[in-house]
Amino acid sequence: MQVDVEFGADQPLVDAVTEQLQGAGRLGVAFSGGVDSSTLLAIAVLALGSDRVVAVLGVSPSLAATERTAAHAVASFIGAPVVEVQTHEGDRAAYRANGPDRCFHCKTELFARIDDEVAATHRLDAVAYGENADDVLRPDRPGSRAATAFRVLRPLADAGLDKAAVRRVARALELPCADKPAAPCLASRIPHFEEVTPEKLAQVEEAEQALHSLGFEDCRVRHHGDVARVELTADDLVRAVSPELRDRVQQAVRAAGFRFVAVDLAGLQSGAFTLPLVAVGRG
């Protein structure tokens, strides 16, 4: 990773993150390999040095194997050691029940495991995670309540880095994930109030990996029982139903255990399950 980087107009934002971290002592970064947590990890290494920063990767059935491998590659590029912690959110009834607050229970499990299993062993003085300034404004991010409960730092959000700024900083640092599409956990593919199970998560992972192998890099497979509802980018929607690929797409997804394959004409939809419920709750 580059250590002498010019961030242009984003320099004051990066400086604000750096200033927050410099008093953190030894820092654990809740790390997924996505652009937000990777950018935070990189700034932390620049601010504190790699000997004072640990990337903490939560591993469970909700993390795709490809995402786990990619996260290790990004951390290696940054120069930060990775500590894997096995999380057991599936043992929590409230998580399995899959209400709109599922992420709260997932993050609670992660931060509790870090407190119990990582903080003392690695002599961590603080833990931070990659919430950005846009996330703060969204009503479908209950995981932030768990961060508050465990006193987890959110330097990107506090410094005012929104999604666009995080991407720019990641590109300036030449992070390999700088242009990586968002990759929410596999549980986000299951409609709320339908139970999250390892079997459903494995189905989704297998189907999405099959679509990746066909060249659909940014996709979601939503689990509706026997039906897989496939969300794709606008360009890929046309490609998926082309004569050359339609049968292959159907076969690839059905091989994961679905009986029917539907391609959603609305394309990729962030927060499609959660946002309508949160809006109703607020009304």
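Only a predicted model underlies this, so the values are computations on that prediction, with no experimental measurement involved.
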Novice: Under a 4.0 Å threshold between the charged nitrogen and the carboxylate oxygen, would Asp179 count as salt-bridged to Arg171?
Specialist: yes
Novice: So is Arg239 actually on top of Phe216's ring, under 6.0 Å and inside 45° of the axis?
Specialist: yes
Novice: Is Glu117 close to Gln86 at the side-chain level, that is, under 4.5 Å between some pair of heavy atoms?
Specialist: no
Novice: Angle between ring planes, Tyr129 versus Phe111, binned at 30° and 60°: parallel, tilted or perpendicular?
Specialist: perpendicular
Novice: Taking the basic N atoms (NZ, or NE/NH1/NH2) and the acidic carboxylate oxygens, is any pair closer than 4.0 Å for Asp125 and Arg123?
Specialist: no
Novice: Taking atom types as modelled, find out whether Arg154 and Thr148 have a side-chain donor-acceptor pair closer than 3.5 angstrom.
Specialist: yes
Novice: Quick one: does any side-chain atom of Arg145 pair with a main-chain N or O of Phe104 as donor and acceptor, under 3.5 Å?
Specialist: no
Novice: Test your reading of the model: is there a side-chain donor-acceptor pair from Glu195 to the backbone of Arg96, 3.5 Å cut-off?
Specialist: no
Novice: Any luck finding a side-chain donor-acceptor pair between Asp247 and Gln251 under 3.5 Å?
Specialist: no
Novice: Less than 4.0 angstrom from a charged side-chain N to a carboxylate O is my criterion; do Asp10 and Arg168 meet it?
Specialist: yes
Novice: Is it the case that His224 and Glu194 place a side-chain donor and acceptor less than 3.5 Å from each other?
Specialist: no
Novice: Examine the side chains of Asp162 and Asn132 and answer whether a donor and an acceptor come within less than 3.5 Å of each other.
Specialist: no
Novice: Any salt bridge between Glu89 and Arg102, counting N to O under 4.0 Å?
Specialist: no
Novice: Would you find a donor on one side and an acceptor on the other, under 3.5 Å apart, between the side chain of His223 and the backbone of Arg189?
Specialist: no
Novice: Taking the basic N atoms (NZ, or NE/NH1/NH2) and the acidic carboxylate oxygens, is any pair closer than 4.0 Å for Glu109 and Arg92?
Specialist: yes
Novice: Got a salt bridge between Lys180 and Glu217, using NZ or NE/NH1/NH2 to carboxylate O under 4.0 Å?
Specialist: no
Novice: I need the minimum non-hydrogen distance between Ile190 and Asn98, along with the two atoms involved.
Specialist: O-ND2, 3.2 Å
Novice: One thing to verify: whether Asp51 and Arg26 come together as a salt bridge, which I'm taking to mean a side-chain N less than 4.0 angstrom from a carboxylate O.
Specialist: no
